[in-house]
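Note sheet for the following structure.
Letters A, B, ... mirror the listed sequences (proteins, then strands); counts begin at 1. Note that this is a predicted model, so its numbers are computed, not measured.
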2 protein chains.
Amino acid sequence: METTQREREPEPKYWHLRTLLSKALDTEFSVGEILPNERELAARFGVARATLRQALEQLELEGRLQRRRGVGTTVAPPRVGVDLSPSQHSWPGWSGDPWTATAAAPAPPPPAVARLLDVRAGEPVEVIHRTLMTHGQPVATEQLYVPGSGEPRLPAAEGPERARWLLRRLQETDASGQDRTVELGAAGAEAARRLERLPGSPVLLVTTRYFAAGRTAAVSVATYRADTCRLTFADQPALTALTS
Amino acid sequence: METTQREREPEPKYWHLRTLLSKALDTEFSVGEILPNERELAARFGVARATLRQALEQLELEGRLQRRRGVGTTVAPPRVGVDLSPSQHSWPGWSGDPWTATAAAPAPPPPAVARLLDVRAGEPVEVIHRTLMTHGQPVATEQLYVPGSGEPRLPAAEGPERARWLLRRLQETDASGQDRTVELGAAGAEAARRLERLPGSPVLLVTTRYFAAGRTAAVSVATYRADTCRLTFADQPALTALTS
DNA sequence: GAGTGGTCTAGACCACCGG
DNA sequence: CGGTGGTCTAGACCACTCA
C-alpha cells in the first residue's frame with residue numbers, strides 16, 4: 001500500500017463546527033434571525049458548550065454573527081464600509097463630518113501619542129472625544145489629541161462646546177497631509193462601554209497623524225468595532241489623472 | 001450610609017490578569033524572553049488554566065506575546081509596519097516588489113471576487129499565489145486574480161515562471177488607480193499553514209482592486225498576520241501639493 | 001423570574017517540538 | 001522522551017435582558 005504522506009491531520013472539532021454553521025447561515029438563515037441558544041446547539045451537535053462557543057466566536061470575529069448577553073445570537077448584517085481615504089477636506093470637523101463630539105478637556109496623552117506629537121511625556125494637550133454612529137449603532141470611538149491648548153478664548157466648560165471650538169480652530173489650520181496606521185487591538189474598558197461590547201473585544205486601531213506647516217498638528221486614535229466594520233481606502237481618480 | 005450608585009462592577013478575572021501580565025511584560029521581561037509555562041502561571045495566579053489562557057489570548061491578539069506549541073510563550077517584538085499606500089508604481093510585480101510569487105494556475109475565483117472582477121461565477125481566471133516575508137517570518141499570503149488568461153504565449157507549467165510571466169504582463173498595462181478595503185478575518189486552513197499559525201487565527205484581510213482603462217484589471221486578496229503586522233497608509237506629499 | 005450569553009473551574013487527552 | 005501549548009469535557013455560577 002502506498003503511504004500517502006501528510007495524511008488526514010484531524011480537523012479540530014470547533015473548526016469543523018464553524019464550517020457547518022457557516023454553511024447553515026448561508027442557506028437556512030436570514031439577517032437578524034435568532035439562532036437556537038448555545039446549550040441547545042451544543043446538544044444538537046453533540047459537543048460541549050465550550051467547544052460550540054469556540055466556533056461561534058470565530059463566526060462573530062468574521063462578522064457573521066452577533067451575540068448579546070441576555071438576548072441571544074443573531075445573524076449579523078454585512079459589515080458597513082467606512083471610508084478612510086486621505087483627503088484635504090476630511091480633517092476632523094469638516095462640514096459633513098459624520099463624527100459627533102462628546103467632550104473635550106486638557107489631559108496628558110499616552111506616551112506613544114506624546115512621541116507622535118513630539119511633546120514631552122506628561123505634558124497636557126487638548127483631548128477631544130468623539131463617536132461615530134451608523135444605523136443607530138456605535139461603530140467607533142476616537143480620541144483626538146491637539147497640542148497648544150493655551151488659548152485665551154477657549155471655553156472653560158469641558159463639554160461639547162469646547163470640542164466644537166477646538167475642531168473649528170483645526171479647520172482653520174493649513175492642512176498639508178496625513179498618515180495612517182491600522183492594526184488589531186483589544187477594546188479597553190472605556191472603549192468597550194462606548195462601543196457596547198465587552199472588554200477585550202477585537203477592534204481595529206486606526207492612528208492618524210495630521211500635518212500642517214511641516215509639523216504634526218493633531219493625532220487621532222480611533223477604535224473601530226472589528227466585527228461590524230470594513231475600512232475602505234480609495235485613490236482619488238482626479239489626482240491620479242494629474243500624475244500622468 | 002450613602003449608596004454609591006454604579007459601584008464596582010467586578011472586573012472579569014481574565015481581564016485583571018491581562019493587566020497584571022501586561023505590566024509585568026513592560027517592566028520585567030525583554031523581547032524574545034520565554035515566560036513560565038501556562039500551568040505554572042495559572043498556579044502562581046491561583047486561577048484555572050483556561051482563565052489564564054484567556055488572558056494570554058488577549059495579549060497575543062495585541063501583539064505582545066507569541067505562543068508556539070511545543071515551545072512556549074515568548075515576548076513578541078514590536079509589530080512590523082507594512083506600507084499599503086496607493087501609488088502608480090506599486091502594482092504587483094513592480095521592480096522592488098517585496099512579494100515572492102510561488103505559483104500560478106487558472107481556477108474559478110470565489111463568488112465575491114468574481115463580482116469584483118465582473119466575470120461570470122465559475123469562470124476561471126489566472127490565480128497567482130504570493131507570500132510576503134520580513135525578518136525571515138511569513139507575514140502575509142496573497143491570491144491575485146487576473147482575468148483574460150487566454151494568452152497563447154503563456155507558459156504551460158503551473159509554477160513560479162508562469163506567475164512571473166503574468167506579473168510582467170500586469171506591469172505593462174496602463175494603471176489608472178486602485179481601491180482597498182481592510183477588515184478582520186479568520187485564517188483558513190491554507191492561509192494558516194502558510195502563515196505558520198493555527199486555523200482561525202485573527203488576520204487582516206486586505207482586498208485590492210487594480211483599475212486600468214476604466215476596467216478592473218486584477219483583484220488581490222491578501223491575508224496579513226494580525227498579531228505581527230501594522231498596516232500603514234501615507235499621503236503622497238507630491239500629490240497633495242498639486243491640489244492647492 | 002425565566003432564559004440568554006459570559007465567566008470560571010478541574011480535569012483529561014492530544015499534537016508538536018526539542019534534546 | 002519530557003515538556004509545551006492546543007483541544008475538549010461537564011459542570012457551576014453570574015450578569016444581563018425582557019416580558
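Contact annotation: T73(A) side-chain N/O to dG5(C) OP1/OP2 distance is under 4.0 Å. The side chain of Y14(B) places no N or O atom within less than 4.0 Å of a non-bridging phosphate oxygen (OP1 or OP2) of dC8(C). Residue K13(A) places at least one side-chain N or O closer than 4.0 Å to OP1 or OP2 of dT9(D). Distances shorter than 4.0 Å separate none of the side-chain N or O atoms of R68(B) from OP1 or OP2 on dT4(D).
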Original post:
Run the side-chain hydrogen bond (donor to acceptor under 3.5 Å, both in side chains) check on E33(A) and S30(A) step by step: do they pass?
Top reply: CA-CA 6 Å; E33(A) 203 167 336; S30(A) 48; 3.1 Å; yes

**OP:** Check the pair R64(A) / D26(A) against side-chain contact (heavy atoms from CB on, under 4.5 Å), numbers first and verdict last.
**Re:** CA-CA 10 Å; R64(A) 307 282 312 270; D26(A) 285 334; 2.9 Å; yes

Original post:
For T181(B) and L231(A), what are the C-alpha separation, side-chain angles and deciding distance, and is it a side-chain contact (heavy atoms from CB on, under 4.5 Å)?
Top reply: CA-CA 5 Å; T181(B) 77; L231(A) 310 181; over 6 Å; no

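The separation between H16(B) atom NE2 and dC8(C) atom P is 12 Å, rounded to whole Å. The separation between R197(A) atom CZ and dG5(C) atom C1' is 11 Å, rounded to whole Å. Atom CD of E11(B) and atom C1' of dA15(D) are 16 Å apart (whole Å). For L65(B) and dG6(D), the CG to P distance is 11 Å, given to the nearest whole Å. Between E60(A) atom CD and dG6(C) atom C1' the separation is 11 Å, expressed in whole Å. Whole-Å rounding puts the Q58(A) CD to dG6(D) C1' distance at 13 Å. Distance CZ (R69(A)) to P (dC16(D)): 5 Å, rounded to an integer number of Å. The nearest whole Å value for the distance from the CH2 atom in W15(A) to the C1' atom in dC14(C) is 19 Å.
Using a cut-off of 4.0 Å between Lys/Arg side-chain N and Asp/Glu carboxylate O, R130(B) and D97(B) are scored as salt-bridged.
Using a 30° and 60° split on the angle between ring planes, F233(A) and F233(B) fall in the parallel class, below 30°.
Within 4.0 Å of L198(A), counting heavy atoms only, lie sugar-phosphate atoms of the nucleic acid but no base atom.
Of the residues in residues 31-54 of chain B, those lying under 4.0 Å from DNA chain D by heavy-atom distance are N37(B), E38(B), R39(B), R49(B), R53(B).
Side chain of T27(A) to main chain of K23(A): a donor-acceptor pair is present (N/O by atom type, distance under 3.5 Å, no hydrogens or angles).
For I34(B), the CD1 atom is loosely surrounded, since the number of other residues' heavy atoms within 6.0 Å does not exceed 12.
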